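On a predicted model such as this, the values are computed, not experimentally measured, just so you know.
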Amino acid sequence: LNTTIEVTGLDSDWTVGEEFTLVSKVKDQYGNYINEGNVTFWIDGVAYTVALSNYAANKTVSFNQYGKHNITVSFDSKHYYSSSSVSKLINVDSIPTSLSLSLNKDSFLVGDSLVARAVVNASHGKVSFYLGNNLLSTVNVNNAGVASYTLNGLVPGSFILTALYHDDAGEYKDSSDDSGFSVLSTSSVVAEDMILTVGDEGTISYITSPSGLKVTFDADDSGVVSVDKNGKVTALKSGTAIVTLIVGDNKSYVINSTT
């Protein structure tokens, strides 16, 4: 009797490393399902033979390489059923990735070191770091999906650092991310004046360039206010006082008026 083989799962969206189960059933020429004989799954030329049971034969398949792969499923019987087969060339896609790039700061001084950290959802591959269109370095990704690079010799200006992930084996798709940063030739600090009532406390509001720099605070000798190392000012008596904020060789002055 003539036979027809049916296979579900061949039309799946295949991705590297993902498992798919092929389910094969065989009908005779009258449309009746057959429950004897063997089904052979040929995966890229390698045969896996499974006996029909409960009118079906199953095979779980996965691929560790992207690209085209051939699957042929064939039926054979020792009795009066004819052989039949079906073939399909499937495309296996690489695993999508997402890369995140972070810098130790968003602004730097000449002489600082920039540390770039790229994190990707992949266990191998490489990350290439670019400054504009110039390749700085290519770093292997560790088992945690992390690649780091330190850039020295910074010059003043505004720049874009780009990290590009690539897997030579093709298991993972490319991904990228970028981050802007600035390099300053000197540091600076800007603060806002304050008005307090005697006995009150307040914290000086200031901004440094680059951000995150350590600031030293120093009150004059008027006895009007005191200031601690964190910039918290206490109004001691009525009058006007000057608090100096020092960052490197640069200073900013805050006028503190108390009533």
Side-chain angles (χ1 to χ4, degrees), residues 98-121 127 129-132 134 136-137 139 142 144-164 175-259:
S98 176
L99 183 145
S100 177
L101 174 65
S102 61
L103 308 181
N104 56 325
K105 296 188 291 184
D106 56 11
S107 58
F108 301 83
L109 284 173
V110 171
D112 286 347
S113 294
L114 180 153
V115 180
R117 186 174 187 266
V119 181
V120 63
N121 56 327
V127 173
F129 294 91
Y130 291 85
L131 190 62
N134 298 319
L136 300 175
S137 181
V139 181
N142 64 21
V146 177
S148 298
Y149 174 72
T150 300
L151 174 62
N152 297 306
L154 298 175
V155 297
S158 296
F159 307 93
I160 299 293
L161 185 71
T162 301
L164 174 63
S175 58
S176 64
D177 192 18
D178 57 53
S179 183
F181 67 95
S182 59
V183 181
L184 306 176
S185 56
T186 59
S187 60
S188 64
V189 58
V190 177
E192 297 180 359
D193 292 342
M194 299 177 66
I195 299 177
L196 296 174
T197 300
V198 173
D200 286 350
E201 295 179 341
T203 301
I204 297 173
S205 176
Y206 64 91
I207 298 174
T208 65
S209 295
S211 61
L213 295 179
K214 182 179 179 180
V215 177
T216 300
F217 303 90
D218 182 36
D220 64 7
D221 294 329
S222 66
V224 174
V225 300
S226 65
V227 61
D228 68 12
K229 64 180 181 180
N230 298 314
K232 184 174 73 173
V233 177
T234 302
L236 303 176
K237 68 179 182 179
S238 297
T240 300
I242 298 176
V243 176
T244 305
L245 285 70
I246 305 171
V247 175
D249 296 327
N250 296 278
K251 299 180 180 180
S252 179
Y253 302 94
V254 176
I255 305 298
N256 292 268
S257 300
T258 64
T259 59

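- Between the side chain of Asn230 and the backbone N or O of Thr203 there is no donor-acceptor pair closer than 3.5 Å.
- The distance from the OG1 atom of Thr162 to the CG atom of Asn134 is 11.0 Å, given to the nearest 0.5 Å.
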ask   = Run the side chain to side chain contact (heavy atoms under 4.5 Å, CB included) check on Asp112 and Lys105 step by step: do they pass?
value = CA-CA 10 Å; Asp112 286 347; Lys105 296 188 291 184; 3.1 Å; yes
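- Heavy atoms only, all atoms of each residue included: Thr240 and Val224 are closest at O-CG2, 3.8 Å.
- Inter-residue side-chain proximity for Val139 and Ser148 is flagged as unmet; no heavy-atom pair is nearer than 4.5 Å.
- The two residues Ala147 and Phe129 have their closest heavy-atom pair at O-CZ, 3.7 Å.
- Looking at every heavy atom in both residues, Thr150 comes nearest to Ser113 through CG2-CB, 4.1 Å.
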task = Verify side chain to side chain contact (heavy atoms under 4.5 Å, CB included) between Leu245 and Val243, making sure each step is shown before the conclusion.
result = CA-CA 7 Å; Leu245 285 70; Val243 176; 4.3 Å; yes
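- The line from OG of Ser107 to CG of Leu184 is 6.0 Å long, rounded to the nearest 0.5 Å.
- Side-chain atoms of Ser98 and Ser175, non-hydrogen and from C-beta on, never get closer than 4.5 Å to each other.
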request  = Apply side chain to side chain contact (heavy atoms under 4.5 Å, CB included) to the pair Phe217 and Val233, showing each step before the final yes or no.
outcome  = CA-CA 10 Å; Phe217 303 90; Val233 177; over 6 Å; no
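- Residue Val127 comes nearest to Ala163 through the heavy atom pair CG1-CB, 3.8 Å, listed as atom of the first residue, atom of the second, then distance.
- By the side chain to side chain contact (heavy atoms under 4.5 Å, CB included) test, Thr216 is found to be paired with Ile246, residues two or more places apart in sequence or in another chain being considered.
- The structure places CG of Asp178 at 11.0 Å from CG of Leu164, a figure rounded to the nearest 0.5 Å.
- One distance of note links CZ of Phe181 with CG of Leu131; it measures 5.0 Å at 0.5 Å rounding.
- Remark: side-chain polar atoms of Asn104 are paired, donor with acceptor, to backbone N or O of Val115 under 3.5 angstrom.
- Taking each heavy atom of Val247 and Lys214 in turn, the nearest pair found is CG2-O, 3.9 Å.
- Between the side chain of Asp218 and the main chain of Thr244, no donor-acceptor pair closer than 3.5 Å is present.
- Looking at Leu136 and Leu161, their side chains come closer than 4.5 Å, going by heavy atoms from C-beta outward.
- Between the OG atom in Ser137 and the OH atom in Tyr130 there is a gap of 10.5 Å [rounded to 0.5 Å].
- To the nearest 0.5 Å, atom OG of residue Ser182 and atom CG of residue Leu109 are 9.5 Å apart.
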request  = Show your working on side chain to side chain contact (heavy atoms under 4.5 Å, CB included) between Ser176 and Leu99 and close with a plain yes or no.
outcome  = CA-CA 6 Å; Ser176 64; Leu99 183 145; 5.7 Å; no
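- Contact check for Leu103 versus Leu114: side-chain heavy atoms found under the 4.5 Å cut-off.
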